[in-house]
Amino acid sequence: LINKETNTIRLLLLNSIFFIVVNEFCERFSYYGMRAVLVLYFKYFLKWDDDFATTIYHTFVALCYLTPILGAIIADSWLGKFKTIIYLSIVYAAGQIVLAVSAIHDITDTNKDGVPDNMTFHVMPSVYEKQRSTFFSIFYLSINAGSLLSTIITPILRAQQCGIHTKQQCYPLAFGVPAALMVVALIVFIVGSGMYNKTAPQGNILVKVCKCVGFAIKNRFRHRDSRFPKREHWMDWAEEKYDKLLIAQVKMVLKVLFLFIPLPMFWALFDQQGSRWTLQATTMDGNFGVFVVQPDQMQTVNPILILVLVPVMDSIVYPLISKCNLNFSPLKRMTVGMFLAALAFVAAALVQLQIDVSLFKYYVNLNVPALFTLPISSDLFVLIFRVKFMILDEATSQTCVYEQTLKFGSSFTLLIPPTLTLGQMCQGIVEVTDINPNSVHMAWLIPQYFLITAGEVVFSVTGLEFSYSQAPSNMKAVLQAGWLLTVAVGNIIVLIVAEAATLPDQWAEYILFASLLILVCIIFAIMAYFYTYIDPVQIEAQFSQPEDEKKRKSLEMTKKDSIEKRKHSDSNSLYQTKM
């Protein structure tokens, strides 16, 4: 009977895991797929400049990392996790669908020239232990699989030509497939609802911590007069309302959150892979011979390198450092990760210098009498291709076909003189090179991607591991909220710099970010030097022991009273018998 019950429970767990993992895969594909092409959509479809496209992109990413904190509060304090996921997923899917539909340029292209007449319509709206271990392994795998596949497939979909009146890059398809998968994710999650363990809202620990901190600050302000005795820690001013165990736990969390203050600068650099680095790739040659890489596909280098570097770090690098008796503590690892990210931006600046040399060389002063000029150019990130167009002499009905090869980033002007001889070869047309083809290869981006990914592996994984080891188990949600907040603030830093900085060259902006991160890295290293590692379990035990001792003494007193009463009762019974 026990074996049957165990098998039934295991089957239910496997079924529920299936629905959750499929949901997570589809959601991650939807998010990363949409995000991969977003900055190119801003620049080449909405015709925004690089700085404004970068600003809106990082505003969106910042909101993506802020809203989960609000969602957690709603789930724990009001709706419950299941309903919160359902309701917000509906909003998520609706936003994806609206984005996909708004990317159809023919909807507002009334004059059929390929350019939408009303850009407002097209702006995106804001938008058991073993089993547990197995679940999280599969869950994490589904996240990486979804993000990796989406950053490969979505740029391919975007590069397709589609349209009714004019053919353009197919952003509706690139956004439509992630939108469809988000709808699938929502349906799959709802179908498996009967297998989930739905717990009622029990209050959010983050709200409780904020109230405790707020009361301590308010109480300290009320007793700011010198006649009131000082307390060892400012959080001790919350003792009038909150128990000492909670106050001790909040102290441990605040100690870790204080170390989080410099961390947003790392994310300011890291998340530019989807904005500045993608725009940088559009000015480079993506022809690898056997295949051609789209600029937004270069983002796949990051998840691929993560799959390689994580086991290398855990199995080779860290053990070797340990054997050398070097104290490579978690905070030191994080410092190294920040330094590697700064080096990645130095590498990006060096590549940008080479790009600036190879691009935008104009040739003028050609003394050729022209009947008319015909400028033609290739998008900065399309395949190498040949174009053909026909020239017609309406007077004689003679025609000729001219062919032109367009490469990455190239732009030409064809000067057609009055003396043009029509025929098969269109002899007499003068080809003027306005912009040279991109000569810097995308392969030169790999070193900066390697450095930023190595920094991520050393910084991000170690940072969360350190945070959880230094705070109570019931405060992990608070630390996760703090971690998400550092990512959001990092993206806000990028949009501020993109709008406020007036640097004439992109390489100078890369150097600016690298310099800021090195400065922050030094500050963090000093903070880490003075940090004292703690054991949360031991600290919590100091406050739990008096409670246990009190309960033990209370139990002993109750037992003693019971014995005394029994003796008294026995003596009375004996007295009555003698009588």
Side-chain angles (χ1 to χ4, degrees), residues 18-46 53 56-57 60-61 64 85-86 88-107 116 121-127 141-164 166-191 273-275 278 281-282 286 291-304 379 381-383:
F18 169 78
F19 285 105
I20 293 173
V21 167
V22 171
N23 168 270
E24 186 63 20
F25 172 83
C26 294
E27 188 278 327
R28 289 292 86 185
F29 189 105
S30 176
Y31 172 71
Y32 283 106
M34 177 268 295
R35 178 173 159 176
V37 301
L38 193 58
V39 74
L40 298 184
Y41 170 75
F42 291 155
K43 179 176 174 61
Y44 295 103
F45 187 84
L46 298 182
I56 300 302
Y57 174 86
F60 167 74
V61 176
C64 286
I85 293 173
I86 294 295
L88 295 184
S89 292
I90 292 173
V91 176
Y92 191 162
Q96 289 276 46
I97 293 170
V98 171
L99 176 60
V101 173
S102 67
I104 304 174
H105 65 276
D106 293 298
I107 292 179
F121 174 81
H122 299 276
V123 178
M124 180 185 64
S126 299
V127 279
L141 180 63
S142 68
I143 292 174
N144 283 277
S147 63
L148 177 59
L149 289 176
S150 64
T151 48
I152 294 174
I153 295 173
T154 309
I156 296 175
L157 299 176
R158 189 264 308 153
Q160 305 303 309
Q161 298 291 310
C162 64
I164 300 173
T166 57
K167 299 295 182 181
Q168 294 189 10
Q169 292 192 359
C170 204
Y171 288 103
L173 183 61
F175 291 135
V177 171
L181 279 175
M182 188 58 220
V183 174
V184 171
L186 177 58
I187 294 172
V188 168
F189 189 75
I190 294 173
V191 170
Q273 292 177 80
S275 57
T278 299
T282 63
F291 55 89
V292 176
V293 175
Q294 299 294 330
D296 33 3
Q297 284 181 319
M298 282 302 295
Q299 298 174 57
T300 59
V301 175
N302 176 254
I304 292 172
D379 277 347
F381 48 87
V382 298
L383 307 181

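Values in this document were obtained by computation on a predicted structure and should not be read as measured data. Atoms considered below: every heavy atom in the structure, side chains included; atoms not considered: hydrogens, waters and symmetry mates. This chain uses plain numbering: 1 for the first residue, then up along the sequence.
- Atom CD1 of residue Ile56 and atom OG of residue Ser275 lie 12.5 Å apart, to the nearest 0.5 angstrom.
- Using a distance-only test at 3.5 Å, with no hydrogens or angles considered, a donor-acceptor pair links the side chain of Gln160 to the main chain of Ile156.
- For the residue pair Leu148 and Pro303, the shortest heavy atom distance occurs at CD1-CG, 3.7 Å.
- Here the CZ atom belonging to Arg158 is positioned 11.5 Å from the CG atom belonging to Leu173, to the nearest 0.5 angstrom.
- For Gln299 (side chain) and Thr151 (main-chain N/O), no donor-acceptor pair under 3.5 Å exists by modelled atom type.
- Going from atom OG of Ser89 over to atom CD1 of Ile187 covers 11.5 Å, rounded to the nearest 0.5 Å.
- For the atom pair OH of Tyr44 and OG1 of Thr282, the computed distance is 3.5 Å after rounding to the nearest 0.5 Å.
- Atom OH of residue Tyr92 and atom SG of residue Cys64 lie 7.0 Å apart, to the nearest 0.5 angstrom.
- The CG atom of Asp296 sits 13.5 Å away from the CD atom of Gln273 when rounded to the nearest 0.5 Å.
- Nearest heavy atoms, Ser30 versus Ala179: OG-N, 4.4 Å.
- Scanning all heavy atoms of the two residues, the minimum distance from Ala93 to Val183 falls at CB-CG2, 4.1 Å.
- Not counting sequence neighbours, Tyr32 has no partner by the side-chain hydrogen bond (donor to acceptor under 3.5 Å, both in side chains) test.
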Donor-acceptor pairs under 3.5 angstrom involving side-chain atoms of residues 33-40: please list them, not counting sequence neighbours.
unit_1 : atom_1 : unit_2 : atom_2 : d
Arg35  : NE     : Tyr57  : OH     : 2.9
Arg35  : NH1    : Tyr31  : OH     : 2.8
Arg35  : NH2    : Asp271 : OD1    : 3.1

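- Between Ile104 and Phe45, the shortest heavy-atom distance links the atoms C-CZ, 4.5 Å.
- Scanning both residues, Gln297 and Val292, for their nearest heavy atoms gives OE1-O, 4.1 Å.
- Taking every heavy atom of both residues into account, Ala103 and Pro172 meet most closely at O-CG, 3.2 Å.
- Here the side chains of Glu27 and Phe189 are not in contact, with every heavy-atom distance at 4.5 Å or above.
- Using a 4.5 Å heavy-atom cutoff, the side chains of Thr154 and Val177 are not in contact.
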